[in-house]
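The structure appears right after this line, and notes come after that.
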Number of protein chains: 2
Amino acid sequence: MDLPSGYTADSEIDDEGMDPVWLQLAAILVARIEAGRYPTGRAIPSLNQLRQEFGVARGTIVKATNYLAELGRVRAVHGRGVFVLPQD
Amino acid sequence: MDLPSGYTADSEIDDEGMDPVWLQLAAILVARIEAGRYPTGRAIPSLNQLRQEFGVARGTIVKATNYLAELGRVRAVHGRGVFVLPQD
DNA sequence: ATTCATTTGTCCGTATGTATA
DNA sequence: CTATACATACGGACAAATGAA
């Protein structure tokens, strides 16, 4: 599973598009990380905040952040948040 | 989202029913408030006590009390409790 | 001033049921 | 039949406010 290209920090979720919502969300979050909008070492917005902003379900956001964790871009800490990791 | 009717102060949570658990709980709590079992100005039982009595998860109770707060029936005070408000 | 228990608030992880494509 | 997505629910962990010792 590869991160789709063509998504920016300000992209909106396209429910009709080819890419699954969770993968679009992952791509947008990476764009925001690389734009410095979510700085290294800091937490990205919480599940509830992302849920409000993008209007998607909890599970969908978890799926996106789990994927980013697999890619080594973030690390989720139970009870604290999802933190942006420095790149190798 | 409307409060479902048909729940009394002594109703039990029905996991198989039509209504979500958090909404059933909200309806039961309102019934207890209106029955005077939880008097105005006093705190309802704590999250842990409600958790024990009803056997539901923390988040479910918070969801119910948040809803009652939206309805103006209670006001939660951090570190103190959830207090029954006088009705307009 | 510190410690401790209690309580609410807020996180993420996971699982289940339902609906849809 | 599988993948996606949503709502619900449980669990565990961390944080902050309060009040009492």
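Residue numbers start from 1 in every chain, and the chains themselves are labelled A, B, ... in the order their sequence lines are given, proteins ahead of strands.
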(message) Just verifying a value: how many Å separate B:Leu23 CG and B:Ile13 CD1, rounded to the nearest 0.5 Å?
(response)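 The CD1 atom of B:Ile13 is 10.0 Å from CG of B:Leu23, to the nearest 0.5 Å.
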(message) Just verifying a value: how many Å separate A:Arg58 CZ and A:Arg51 CZ, rounded to the nearest 0.5 Å?
(response)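 That separation rounds to 8.0 Å.
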If you define the side chain from C-beta out and look only at heavy atoms, does anything of [X] sit under 4.5 Å from [Y]?
X	Y	value
A:Phe83	A:Val77	yes
A:Val56	A:Trp22	no
A:Ile28	A:Phe54	yes
B:Leu85	B:Arg73	no
A:Tyr38	A:Leu29	yes
B:Ile44	B:Thr65	yes

(message) Are more than 12 heavy atoms, taken from residues, nucleotides or ligands other than A:Arg75, located less than 6.0 Å from that residue's CZ atom?
(response) no
(message) For a salt bridge (Lys or Arg N to Asp or Glu O under 4.0 Å) check, start with the C-alpha distance between A:Arg32 and A:Glu53, then their side-chain angles and the critical distance, and finish with the verdict.
(response) CA-CA 14 Å; A:Arg32 290 183 175 184; A:Glu53 176 180 357; 2.8 Å; yes
(request) For DNA chain C, determine which residues of residues 20-42 of chain A have any heavy atom closer than 4.0 angstrom to one of its atoms, and list them numerically. (result)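 DNA chain C contact set from residues 20-42 of chain A: none.
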(request) Could you check which of C:dC12, C:dT8, D:dA5 has an atom nearest any side-chain atom of A:Ser46? (result) C:dC12
(request) Give the nucleotide from the list C:dT8, D:dC6, C:dT14 with an atom nearest to the side chain of B:Val82. (result) C:dT8
(request) With DNA chain D as reference, determine whether A:Ala57 or B:Arg51 sits nearer its 5' end, using the nearest nucleotide of each. (result) A:Ala57
(message) Please report the distance, rounded to the nearest Å, between CZ in B:Phe54 and P in D:dC10.
(response) 13 Å
(message) Does D:dT4 have OP1 or OP2 under 4.0 Å away from a side-chain N or O of A:Lys63?
(response)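 For A:Lys63, the contact criterion (side-chain N or O under 4.0 Å from OP1 or OP2 of D:dT4) is met.
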(request) Look at the side-chain N and O atoms of B:Thr60 and state whether any lies under 4.0 Å from the OP1 or OP2 oxygen of D:dC10. (result)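 So the side-chain polar atoms of B:Thr60 do come within 4.0 Å of the phosphate oxygens OP1 or OP2 of D:dC10, strictly under.
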(request) Spell out protein contact along nucleotides 13-21 of chain D as letters: B when the base is contacted, S when just the sugar-phosphate is, - when no protein heavy atom is under 4.0 Å; keep the 5' to 3' order. (result) BSSBBSS--
(message) I need a per-nucleotide contact map over nucleotides 15-21 of chain C, read 5' to 3'. Cutoff is protein heavy atoms under 4.0 Å; write B for the base, S for backbone only, - otherwise.
(response) -------
(message) Which heavy atom of B:Ala9 sits nearest to which heavy atom of B:Ala31, and what is that distance?
(response) N-CB, 3.5 Å
